[in-house]
Amino acid sequence: MKIRNIALGLALTAAVGASASADARMDAFVDSLLSQMTLDEKIGQLHLPVGADIVTGDIMNSDIGGDIAAGRVGGVFNMKGCDKIREYQRIAVEESRLGIPLIFGMDVIHGYETVMPIPFALSCSWDMDAIERSARIAAREASAAGICWTFSPMVDISREPRWGRMAEGSGEDPYLGARIAEAMVRGYQGDSMKANDEIMACVKHFALYGAPEGGRDYNTVDMSRQRMFNEYFEPYRAAAAAGAGSFMTSFNTVDGVPATGNRWLFTDVLRDMWDFDGFVVTDYGAIPEMMSHGMGGPEDVTALALNAGIDMDMAGMLYLNVLRPLVEQGRVFGQQIDNAVRRILEAKYRLGLFENPYKYIDPAREASEIYTAENRAAARAMAPETFVLLKNEGSLLPLAKNGRIALVGPLADAGSHMQGMWSVAADPSKYRSLRQAFADALEGRAPLSYAKGSNLYADPELEAAVSIANGIRDPRSEAELLEEALAVADGADVIVAALGEGIEGSGESASRADLTLPDTQMRLLQALVATGKPVVLLNFSGRPTVMVYEQENVPAIMNVWFGGSEAADAIADVVFGDAAPSGKLTATMPRNVGQIPLYYNHLNTGRPRSDGPAKFEKYRSNYIDSPVTPLYPFGYGLTYTTFAYGDPVLSAPEMNADGSVTVTVPVTNTGSREGTEIVQLYIRDLAASVARPVKELKRFARVTIAPGQTENVTFTLGADDLKFYNSDLDFVLEPGDFDIMTGPSSADVRTVRLTVR
Ligand code: BGC
């Protein structure tokens with residue numbers, strides 16, 4: 001291994017003394033290395049090209065090997081396999097002048113080959129331990145294949161189900177989103193990335209990417225700073241505080257300036273206000289995209305990004321090609337480049353790559369630690385926690401393993417769609433279909449019949465858009481498919497319909513203007529319901545969808561989202577009662593697209609409509625042609641037992657502004673089977689210097705309760721839980737009255753009053 005200069009640097013850090021702090025040793029090492037680097041080598045560290053094989057955008061790369069040897073590359077991303085990664089790393093450490101190792105990134109969004117439920121689904125579990133475990137497993141598998149940096153967690157709050165990337169986030173709530181962000185960072189980074197299965201997180205997309213106008217991906221975002229801080233920033237802040245090693249920019253504008261060139265965002269807020277000391281990478285090609293935003297030519301946008309505090313250019317090529325002339329023209333300073341390089345070298349140092357550039361490259365681990373039985377079992381166990389049972393008339397679910405069961409729908413025999421969007425390292429050929437899982441579950445007990453029933457969309461072009469990589473189109477006509485399905489239904493006692501979005505129907509660049517079940521699938525569902533047989537709808541989606549017909553006509557509805565590589569078996573577990581669904585919605589489900597944005601933690605208006613029957617009220621804030629209420633509210637979800645809530649009780653009716661109070665709520669399992677309930681606590685600040693939301697989630701607990709038993713669930717609230725950002729953006733607690741609400745969902749709470757002195 002030729003890394004003589006590095007060895008020199010490491011020796012120098014040793015000279016700084018074993019007693020010096022880790023930071024001082026790192027500083028000495030990075031100082032020494034920086035002092036040996038030419039300007040071109042420094043610029044090279046800021047360049048992140050995509051590796052061979054997997055490309056997410058339209059910028060192709062050439063001759064990466066030569067560039068690495070010339071010291072023109074800082075890292076590479078989305079390359080799968082130890083062999084390839086080892087070769088890239090070998091070139092960097094043995095053939096480049098200074099032997100600086102590369103960092104290897106990947107979109108390990110919800111697992112590597114063992115794919116966990118999509119992030120939005122995971123958020124519906126409200127289970128921080130499971131979410132941390134999911135990230136831990138993802139880190140273990142990815143690191144076994146040479147990856148040391150994941151472009152996750154995606155923590156963008158979104159109230160925009162038209163936006164396909166809701167699938168990648170944790171829904172609409174900043175408090176829950178922040179807890180999930182911390183859990184993910186802990187899961188990926190473990191004990192500060194010391195071990196070879198602990199990788200660096202990259203928090204994205206900073207900032208506000210989840211609020212695009214019209215729900216159209218990459219579109220303009222414009223909101224007040226007050227709203228940013230109170231309603232959107234918290235998960236980013238929490239992830240930074242949890243020690244996330246890196247952040248990614250977002251594609252949208254913030255306050256009129258694209259995030260990738262926004263100095264206020266990255267320097268004033270992220271670094272100065274939140275003390276973030278990691279490095280910042282752009283999103284894919286986001287620096288050149290600033291030209292389309294109208295920020296000038298290549299040199300202008302490059303200077304803008306560097307001046308904003310953006311360290312690494314993902315696939316944009318502009319830092320690589322334009323920074324040197326900009327230095328020569330005096331438009332950017334060497335010191336700014338040094339700062340960016342320093343932060344990237346520090347990341348590599350923290351990952352341990354200078355001590356051992358091959359730390360994460362171990363073919364033995366790659367052969368034995370990926371897609372293991374243990375990881376798959378964990379993914380299968382997690383999935384039922386993410387399923388949200390929306391309706392279960394007459395306790396139709398779970399189904400007994402007897403009688404004649406018909407499984408129908410375009411997603412019933414589609415193993416390659418189960419893992420969901422953004423699973424670049426997945427191997428869909430390994431994943432089982434619902435049909436296989438149901439057949440195994442029913443083996444020797446009950447006959448299973450199957451028909452596809454319909455395609456995903458009637459129009460082949462639309463179908464191609466939602467099933468790009470894993471086409472499952474059936475060449476038969478809609479009438480032929482339907483006829484076959486009705487024949488199968490005719491011979492059955494119960495019908496299970498597996499319908500919804502295709503694998504690419506959500507995720508990046510998958511905005512939808514209509515959120516109902518696609519045409520041909522809706523016609524199939526209506527025909528199945530018309531048979532009069534009981535129908536269980538398994539709804540596959542990466543976001544809230546519009547399900548008014550379903551709610552009115554289908555007896556049992558379960559949103560299974562995209563449950564990962566083990567989804568099929570997990571769904572069979574739940575449908576046949578070997579496991580129970582226990583997820584609750586982390587985003588509001590609207591009745592129609594016209595209601596969007598619709599979210600529980602909204603402000604009141606001066607003219608709120610009454611809580612009475614949903615008819616139109618003149619001169620009130622409502623619609624002539626639609627209720628204002630959601631179809632299913634935030635926090636809602638059923639399971640196979642039922643719970644009853646008592647009133648919340650405070651430890652004291654008053655609290656000092658620096659004190660705390662406990663809230664206890666009795667929850668009783670009133671059904672006949674053990675069950676898990678997600679108990680929620682909301683607050684409302686009744687009078688403040690700025691308008692505050694009608695409800696804000698501040699605590700939650702997942703509790704498993706035996707039938708007939710009562711659990712007293714206790715939460716402690718402190719001053720910080722009652723604070724908000726005022727119009728000066730100070731985080732303040734204003735004394736006065738607060739409503740404290742507990743219950744099974746945001747729309748079903750009991751209230752107690754707390755006075756803060
Ligand atoms: C996405 C990012 C992703 C990047 C790298 C972009 O298109 O917005 O979320 O990490 O590609 O693949």
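In what follows, residues are counted from 1 in the order of the sequence shown. Remember, predicted model here, so these are calculated numbers, not experimental data. Atoms considered below: every heavy atom in the structure, side chains included; atoms not considered: hydrogens, waters and symmetry mates.
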Atom CD of Gln329: over 12 foreign heavy atoms under 6.0 Å: yes
Kindly give the heavy-atom pair with the smallest separation between [X] and [Y], and that separation in Å.
X: Trp149; Y: Cys202; value: NE1-CB, 3.6 Å
X: Val281; Y: Ile310; value: C-CG2, 4.5 Å
X: Phe276; Y: Ala244; value: CE1-O, 3.3 Å
X: Gly177; Y: Ser170; value: CA-CB, 4.4 Å

Between Phe233 and Tyr725, is the ring centroid distance below 6.0 Å?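 For Phe233 and Tyr725, the ring centres are not under 6.0 Å apart.
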Output field: ring centroids Phe206/Tyr232 closer than 6.0 Å: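 Between Tyr232 and Phe206, which both carry aromatic rings, the centre distance is not below 6.0 Å.
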Short side-chain donor-acceptor distance under 3.5 Å, Thr114 and Glu141: yes
Do we see a donor-acceptor contact under 3.5 Å between the side chains of Asp313 and His47?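 There is no such pair (donor and acceptor under 3.5 Å, judged by atom type) between the side chains of Asp313 and His47.
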Test Glu328 against Arg324 for salt bridge (Lys or Arg N to Asp or Glu O under 4.0 Å), laying out the working first. CA-CA 6 Å; Glu328 286 159 1; Arg324 171 174 270 283; 2.9 Å; yes
Answer yes or no for [X] and [Y]: cation-pi contact, defined as NZ/CZ to six-membered ring centre under 6.0 Å and angle to ring axis within 45°.
X: Arg179; Y: Tyr175; result: yes
X: Arg271; Y: Phe266; result: no
X: Lys80; Y: Tyr112; result: yes

Is Asp40 salt-bridged to Arg97, going by a charged N under 4.0 Å from an acidic O?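 Salt bridge: no.
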Under 30°, 30 to 60°, or over 60°: which ring-plane class applies to Phe247 and Tyr236, parallel, tilted or perpendicular?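 Tilted, since the angle between the ring planes falls between 30° and 60°.
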